[in-house]
Amino acid sequence: MGIVTRGFGGRRPDPGRPLPPGQFLTQDFPVLSAGPTPDVEVDRWELVVTTEHGHVRRWSWGELMATPAEDVVTDIHCVTRWSKHDTRWRGVSVDVLLGDVETTGEFVLVHSYGGYTTNLPLADLLDGQAWIAFEYEGEPLEPVHGGPARLLVPHLYFWKSAKWVRGFEIHDVDEPGFWETYGYHGYGDPWLEQRYA
Amino acid sequence: MSASSQWHVATVVDAPRITRTARAVTLSVPGFSGALAGQHVDLRLTAADGYQAVRSYSLTAVGADERVDVLVDRVPGGEVSTYLVDDLRVGDQMEVRGPLGGYFVWRPDDAGAVLLVAGGSGLAPLLAMLRARRKIGSTAPFRLVYSVRTPDDVFFPDELDGGASDVEVALVFTRTTPARWPRPAARLGKDDLVAPGFDAADGPTVFVCGSTGFVETVAGLVTELGHDPARVRTERFGGA
């Protein structure tokens, strides 16, 4: 295009290692939500997985806490252009949760307390790529960041990492979630800069 | 590729300073059209050596094609906002993509009541809604609650002065008030969010925009006041 913005360019930060295109590094943990933060009590919390055949598997908070968890250190990338290096989480791998769920469905619609939804291929939740995270930087996950538990899928833009997660619906067909119906990309790979549909 | 995902060349046509820390930037952008109040654009700046930075800014006015109005408040140390506030000149060029976003939006055919709650530069997308309402002659009931630190921090005070308008504007000062101001300086509270025609029972759509802390506080307060969380739409301004 050849456009140069006169006088711009003197203060660039050094990210240390490559960032996805169009992202900048932040030390903060900004928040993006479409509405109020829901109040989710762990006593009533549950995670519900529903397959394409209507089979249901549930986990209570106590059951989630009794499931082997992992420490995860990962970079995260928000579609609003901030990225954060080396964030530290603790959570249960989705591989463990879906291990005995029988399905041939290929797509998941993730549901959250408060009504948020987001969609992604089931394959992106498996093979060590996704967790139900309940700690951030060694502390219980704060409600504003999705606590008591959020989905963590760090290889996709962070709107896919649904806060206040309460369930997965497995489908044979891909159904758009909340932001996806408002013009955001169906898949959301930050390295391919899949921001908008 | 849709028109809103293409980059358009933009030229600065006006950039007055409106407070100690903020400027209202107007860009001429051939090919840009169709924005709704509440939507945002991406601005892309390119240095002489090819380095680029992109940031999102809410539109402060809509309805004029090929024109983009944004408000830029300086974030200390912010790579893009400090440039735009301190160095930008009329005639400078950058690129614009948009309009973007379809949820935090007021549509002109919506006749329902609207409660707008702004913290600081969070006024930007709400200002676009107020201006769109006025421009089309909508009679939808609107109320703006606008929280700022001091009288010097009010953006567009003449325009927001309720005298000539049927929109009630409630200014909330958190540090310093004007002389003889009836409300003492204090953080925004529930009392500031209550007004006939805009209470939970009236079912207004509530738009809240500001910093994360502001939005969390206000969204919590309106939910406690009984507003349906599904009618509360939030937008936050991150740093940089």
Side-chain angles (χ1 to χ4, degrees), chain A residues 1-15 19-39 78-84 112-116 142-145 158-159 164 176-185 193-197, chain B residues 1-2 4-5 7 9-10 40 42-56 77-80 82-84 87-89 91-95 97 100-105 206 208 211-213 215-216 218-220 222-223 227 229-240:
Chain A
M1 182 90 59
I3 293 296
V4 169
T5 308
R6 178 210 54 80
F8 174 67
R11 259 187 286 256
R12 69 193 70 178
D14 177 8
L19 285 171
Q23 296 293 109
F24 65 89
L25 203 59
T26 181
Q27 305 301 322
D28 301 332
F29 192 174
V31 170
L32 183 76
S33 313
T37 296
D39 185 14
C78 180
V79 72
T80 63
R81 300 188 176 280
W82 57 265
S83 290
K84 194 167 170 60
S112 295
Y113 292 94
Y116 182 76
E142 290 178 53
V144 68
H145 292 306
F158 215 47
W159 90 80
W164 315 299
F178 178 83
W179 288 118
E180 293 83 1
T181 63
Y182 284 105
Y184 284 83
H185 198 275
E193 210 171 1
Q194 293 173 334
R195 296 177 195 276
Y196 311 112
Chain B
M1 198 180 243
S2 67
S4 65
S5 60
W7 289 104
V9 176
H40 64 274
D42 284 348
L43 301 186
R44 181 160 76 181
L45 280 57
T46 304
D49 65 356
Y51 169 77
Q52 294 185 322
V54 183
R55 295 293 186 277
S56 297
E79 177 196 11
V80 171
T82 51
Y83 168 78
L84 292 175
D87 299 333
L88 192 72
R89 294 182 206 153
D92 285 347
Q93 291 198 308
M94 62 189 79
E95 290 165 285
R97 175 164 69 178
L100 301 166
Y103 182 67
F104 194 85
V105 159
V206 184
V208 187
S211 68
T212 289
V215 170
E216 282 301 308
V218 172
V222 296
T223 305
H227 289 268
R231 298 191 68 83
V232 180
R233 301 187 175 206
T234 61
E235 184 113 302
R236 286 135 163 119
F237 278 16

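- For A:R81, the part lying under 4.5 angstrom from a heavy atom of chain B is the side chain only.
- With chain A as partner, the option from B:E216, B:Q52, B:H40, B:M94 having the largest number of non-hydrogen pairs under 4.5 angstrom is B:E216.
- Your options are A:Y182, A:F178, A:W179, and the one with the most heavy-atom pairs under 4.5 Å with chain B is A:Y182.
- Counting only distance, with no hydrogens or angles, the side chain of A:T181 and the backbone of A:P176 share no donor-acceptor pair below 3.5 Å.
- Atom CZ of residue A:F158 and atom NZ of residue A:K84 lie 10.5 Å apart, to the nearest 0.5 angstrom.
- Of all the listed residues (A:S33, A:G183, A:G115, A:P143), the one sharing the greatest number of non-hydrogen pairs under 4.5 Å with chain B is A:S33.
- Formation of a donor-acceptor pair under 3.5 Å by the A:W164 side chain with backbone atoms of A:V144 is not found in this model.
- If you measure heavy-atom distances from B:R89 to chain A, the contacts under 4.5 Å come from both the backbone and the side chain.
- Residue contact with chain A, scored on non-hydrogen atoms closer than 4.5 Å, is absent for B:F104.
- Using modelled atom types, no side-chain atom of B:E95 and backbone atom of B:D42 make a donor-acceptor pair closer than 3.5 Å.
- A:Y196 places a side-chain heavy atom less than 4.5 Å from the side chain of B:L100.
- When heavy atoms are compared at a cutoff of 4.5 Å, A:T26 does not approach chain B at all.
- Of the listed residues B:G91, B:A10, B:G102, the one with more heavy-atom pairs under 4.5 angstrom with chain A than any other is B:G102.
- Residue A:W82: no heavy atom, backbone or side chain, is found under 4.5 Å from chain B.
- Classification of A:R195 and A:E193 as a salt-bridged pair holds, one side-chain N sitting under 4.0 Å from a carboxylate O.
- Of the possible polar contacts, one joining the A:T5 side chain to the B:T46 backbone as a donor-acceptor pair under 3.5 Å is found.
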